[in-house]
Amino acid sequence: MKKKILVVDIGGTHVKLLRSARDSSKFHSGSALRPDEFVRKFKDATRRWNYDALSIGFPSPVHRGQIIKEPKHLGTGWIGFDFAKALGKPVRVINDAAMQALGSYRSGRMLFLGLGTGLGSAFVWERNVLPLELGDLPYADRDIIENFLGIPGIDRLGEEEWKREVLFAVQQLKRAFIADHVILGGGLVHRFDQLPKGVERGENENAYRGGVRLWEEDRSGKPKWRVL
């Protein structure tokens, strides 16, 4: 019988709970959110929901299913946190941008960039998912790139200059990764009316699709997707 997967997308402002591509709920996260509060809010929001397993997208580096660095835009205490023990269900954890990228993938070499509180990023090809931390790349004024392309960049540059900066950086990153196409996602992508050739708008349902794909198996029972 096919597993019912509940997909959890933890962001810097909200935690989204996705039962399907179109059926979701959410609660506030923010800079003070710690694991104990997350668990309390999660259990309260899902007490009437039926599901078999969870996929969790988390806004920080994740290695072999374990959070290895505290997130920039949440509280502390997340490193090594045991979601499965706390929630009582099988859990697979992946970087949030990597989960979006996995759900966005169709073919070729694809670079995913998520414009939001920071800059999410991942690279996908064939059955491989490579989470990235491009937001930490050095940029102008001895700062990092996410402070120009994420929410701080709008305040810093003004909206029109910010849009030009984003499109310039996206094209340069596309060349650097020899990507066939770029998926531009995140909460800020709606500010663009048009995108250049080779750059596509991410869809909201991609996070759910990525979380479901995380549990897909081949005929031998091994995961279809290799998260590096």
Side-chain angles (χ1 to χ4, degrees), residues 3-104 112 114-122 131 133 135 146 150-152 185-190 202-215 227:
K3 283 189 177 78
K4 293 181 181 178
I5 308 299
L6 176 60
V7 179
V8 183
D9 188 5
I10 301 177
T13 56
H14 290 95
V15 175
K16 294 181 181 179
L17 310 171
L18 307 160
R19 288 196 290 182
S20 72
R22 307 286 179 189
D23 181 15
S24 66
S25 181
K26 66 181 179 181
F27 57 82
H28 182 70
S29 57
S31 60
L33 185 73
R34 293 172 56 88
D36 54 350
E37 185 183 5
F38 163 80
V39 170
R40 178 179 60 78
K41 288 184 173 182
F42 174 89
K43 288 183 175 179
D44 184 59
T46 61
R47 61 183 181 274
R48 293 188 178 90
W49 290 9
N50 295 316
Y51 57 93
D52 301 310
L54 296 102
S55 292
I56 297 179
F58 193 80
S60 190
V62 176
H63 184 61
R64 295 181 179 175
Q66 291 290 318
I67 298 166
I68 60 172
K69 184 179 179 182
E70 297 288 3
K72 294 179 181 178
H73 307 292
L74 301 175
T76 58
W78 296 95
I79 295 174
F81 181 70
D82 191 336
F83 286 95
K85 182 178 179 180
L87 302 178
K89 296 280 186 178
V91 177
R92 290 183 179 172
V93 184
I94 187 174
N95 173 264
D96 59 340
M99 188 167 74
Q100 287 268 356
L102 176 55
S104 305
F112 174 86
L115 304 175
T117 312
L119 178 67
S121 52
E133 289 293 320
E146 73 171 23
I151 288 175
L188 299 180
V189 72
H190 71 276
E203 301 295 337
N204 291 334
E205 57 264 29
N206 289 343
Y208 177 75
R209 187 182 298 118
V212 172
R213 283 181 170 178
L214 204 56
W215 287 89
V227 181

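Remember, it's a predicted structure, so these values are computed and weren't measured experimentally. Count residues from 1 along the sequence.
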Any heavy-atom pair between the side chains of [Y] and [X] that's under 4.5 Å?
X: S24; Y: K16; answer: no
X: R92; Y: W215; answer: yes
X: P59; Y: L74; answer: yes
X: K43; Y: V39; answer: yes
X: W78; Y: S60; answer: no
X: L17; Y: W49; answer: yes
X: I56; Y: V8; answer: yes
X: P131; Y: V227; answer: yes

Find the distance between [atom1] ([X]) and [atom2] ([Y]) and round it off to the nearest 0.5 Å.
X: F27; Y: D44; atom1: CZ; atom2: CG; answer: 9.0 Å
X: N95; Y: F58; atom1: CG; atom2: CZ; answer: 9.5 Å
X: R209; Y: I5; atom1: CZ; atom2: CD1; answer: 15.5 Å
X: L214; Y: M99; atom1: CG; atom2: CE; answer: 8.0 Å
X: D9; Y: H14; atom1: CG; atom2: NE2; answer: 12.0 Å
X: K3; Y: Y51; atom1: NZ; atom2: OH; answer: 14.5 Å

When you look at L33 and V15, which way does the side-chain contact (heavy atoms from CB on, under 4.5 Å) test go after all the steps?
CA-CA 10 Å; L33 185 73; V15 175; 4.2 Å; yes
Between F42 and L6, is a side-chain contact (heavy atoms from CB on, under 4.5 Å) present by the stated rule, with each step listed?
CA-CA 11 Å; F42 174 89; L6 176 60; 3.7 Å; yes
Shortest non-hydrogen contact from [X] toward [Y]:
X: L102; Y: R213; answer: O-NH1, 2.7 Å
X: F81; Y: A86; answer: CZ-CB, 3.7 Å
X: G211; Y: S55; answer: O-OG, 2.6 Å
X: S121; Y: E133; answer: OG-N, 3.8 Å
X: L54; Y: L87; answer: CD2-CD1, 4.1 Å
X: T13; Y: T117; answer: CG2-OG1, 4.4 Å

So that I can tick it off, tell me whether E146 and K72 are bridged by a salt bridge, with the cut-off set at under 4.0 angstrom between side-chain N and carboxylate O.
yes
Could you walk me through whether T76 and R34 pass side-chain contact (heavy atoms from CB on, under 4.5 Å), step by step?
CA-CA 6 Å; T76 58; R34 293 172 56 88; 2.6 Å; yes
What orientation do F38 and F83 show, parallel under 30°, tilted 30 to 60°, or perpendicular over 60°?
perpendicular
In this structure, are over 12 heavy atoms from other groups packed under 6.0 Å from D23 atom CG?
yes
Over 12 non-hydrogen atoms of neighbours within 6.0 angstrom of NZ in K89
yes
